[in-house]
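Here the structure is laid out as structure tokens; the discussion comes afterwards.
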Amino acid sequence: MTDELGWGVPLPRKAKPDEPVSLSMEGDAVAGFANPPKERTVLPITGADRVYEAIYQAVLERRLSPGERLREQELAEQFNVSRTLVRQALQRLAQEQVIELLHNRGARVPIPSLEDAGSVFDARRVVECEVARQLAGRLTAEQLQTLQDLATCEVEADRQGKHALAVRLSGEFHQAMARMHGNPVLTRWLNGLLPTTSLLMSHFKRQGGQVCVAHRHVDLIAALQKNAAAAGAEMRKHLNELEQSLTAPTTPRRQLRDVFQAYRDSPE
């Protein structure tokens, strides 16, 4: 998560940074790959942090849909916190463009347009292709195993129909690579792009297939063990596939006779 990678208030995790993921892990435990470095002092989690974390993950995992309203009172009751703390969390999320605040109408999950996809994936290619190029040939055996564990668990989660978990693991794979690179600015940019990517996939992805093609993650791991050119090219190919999986939803065309049937059949 954003705060765990060097900016904002760190959120506590129990798993070690490179600890293999198990499908039996639930909730926050699955996100153990986004741990702060061991030497960092983890600050106590606050009520605002809990609300922030839950909404961020819900958007990332597609539990919240584009356009869904987020009401302060309901959130305060759900998390047993004050509306002031809810408001703090919503302000942070709005600053990071995870949600949007509507004047005098509360907050809602953004509704990205298909045109937004080009900008989002252009930015991801700039960030992640460079991360992949610079990581090539530098990863330790333990780091490579961490990425392999994520890819394996993602495939298994999707096979078991645990789609929210598969989405989370897919995001964790990309976040793990950014964390291994070690540049907190690149990590922050990626964390800001992932929720919008998830909303785009939720709204525009063609039916069928995995959220983030897991076999491509396996190919990425292989490319990372080669050279910078291979790693950068494989990441670009992967992101291009994701972008190309988006398409405008089609509305079935109705005949006018169907539209006006109720009026024709009404008694005079």
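Note that the numbering runs from 1 along the sequence shown for the chain. Values reported hereafter were calculated over all heavy atoms of this structure, with side chains retained and with hydrogens, waters and symmetry mates removed. The structure presented is a predicted model; accordingly, all values stated were derived computationally and were not measured.
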Side chains of [X] and [Y] only: does a donor on one sit below 3.5 Å from an acceptor on the other?
{"X": "E241", "Y": "S245", "answer": "no"}
{"X": "E156", "Y": "Q160", "answer": "yes"}
{"X": "D149", "Y": "Q145", "answer": "yes"}

Can you name the side-chain contact (heavy atoms from CB on, under 4.5 Å) partners of [X], sequence neighbours left out?
{"X": "A164", "answer": "E61, R63"}
{"X": "T84", "answer": "S82, R87, Q88"}
{"X": "E77", "answer": "Q73"}
{"X": "Q97", "answer": "none"}

- Item | Salt bridge flag under 4.0 Å for residues E234 and K237 | no
Considering all heavy atoms, the nearest [X]-[Y] contact:
{"X": "A123", "Y": "L193", "result": "CB-CD1, 3.8 Å"}
{"X": "A178", "Y": "L190", "result": "CB-CD2, 3.8 Å"}
{"X": "A176", "Y": "L150", "result": "CB-CD1, 4.0 Å"}
{"X": "L60", "Y": "P195", "result": "CD1-N, 3.8 Å"}
{"X": "G47", "Y": "L85", "result": "CA-CD1, 4.1 Å"}
{"X": "L169", "Y": "A157", "result": "CD1-CB, 4.2 Å"}

Can you check whether [X] reaches [Y] side chain to side chain, under 4.5 Å on heavy atoms?
{"X": "H238", "Y": "H174", "value": "yes"}
{"X": "V218", "Y": "E154", "value": "no"}
{"X": "V167", "Y": "S198", "value": "yes"}
{"X": "L144", "Y": "T140", "value": "no"}
{"X": "F121", "Y": "L242", "value": "yes"}
{"X": "V98", "Y": "Y52", "value": "no"}
{"X": "L139", "Y": "L147", "value": "yes"}
{"X": "L90", "Y": "L75", "value": "yes"}

Which distance, rounded to the nearest 0.5 Å, do you find between the [atom1] of [X] and the [atom2] of [Y]?
{"X": "S170", "Y": "M201", "atom1": "OG", "atom2": "CE", "result": "8.0 Å"}
{"X": "E53", "Y": "F79", "atom1": "CD", "atom2": "CZ", "result": "10.0 Å"}
{"X": "N191", "Y": "L186", "atom1": "CG", "atom2": "CG", "result": "11.0 Å"}
{"X": "C153", "Y": "F173", "atom1": "SG", "atom2": "CZ", "result": "12.5 Å"}
{"X": "L220", "Y": "H217", "atom1": "CG", "atom2": "NE2", "result": "6.5 Å"}
{"X": "S65", "Y": "L199", "atom1": "OG", "atom2": "CG", "result": "9.0 Å"}

- Query: Is Q78 atom CD crowded by more than 12 heavy atoms from other residues, nucleotides or ligands, each under 6.0 Å away?
  - Reply: no
Test salt bridge (charged side-chain N to carboxylate O under 4.0 Å, His left out) applied to [X] - qualifying residues, sequence neighbours left out:
{"X": "E130", "answer": "R133"}
{"X": "D122", "answer": "R125"}
{"X": "R83", "answer": "E72"}

For the backbone of [Y] and the side chain of [X], can you confirm whether one donor and one acceptor N or O come within less than 3.5 Å of each other?
{"X": "Q134", "Y": "V131", "result": "no"}
{"X": "Q225", "Y": "I221", "result": "yes"}
{"X": "T152", "Y": "Q148", "result": "yes"}
{"X": "E96", "Y": "L93", "result": "no"}

- Is there a side chain to side chain contact (heavy atoms under 4.5 Å, CB included) between L239 and E128 once you walk through the steps? CA-CA 9 Å; L239 294 173; E128 295 193 81; 3.8 Å; yes
Qualifying residues under side-chain hydrogen bond (donor to acceptor under 3.5 Å, both in side chains), relative to [X], sequence neighbours excluded:
{"X": "Q91", "value": "none"}
{"X": "T197", "value": "R124"}
{"X": "T196", "value": "none"}

- Full working for side chain to side chain contact (heavy atoms under 4.5 Å, CB included) between L246 and L114: CA-CA 8 Å; L246 304 179; L114 195 56; 4.1 Å; yes
- Item | Derivation of the side chain to side chain contact (heavy atoms under 4.5 Å, CB included) call for L200 and E243 | CA-CA 9 Å; L200 285 164; E243 183 177 11; over 6 Å; no
- Tell me, with the steps shown, if M180 and R138 meet side chain to side chain contact (heavy atoms under 4.5 Å, CB included). CA-CA 10 Å; M180 290 170 185; R138 290 177 41 203; over 6 Å; no
- Are L135 and V185 in one and the same hydrophobic cluster, where Ile, Leu, Val, Met, Phe, Trp and Tyr link if side-chain heavy atoms are under 4.5 Å apart? yes
- Tell me, which pairs form a salt bridge (Lys or Arg N to Asp or Glu O under 4.0 Å) where one or both residues lie in residues 97-118, sequence neighbours left out? E100-R108
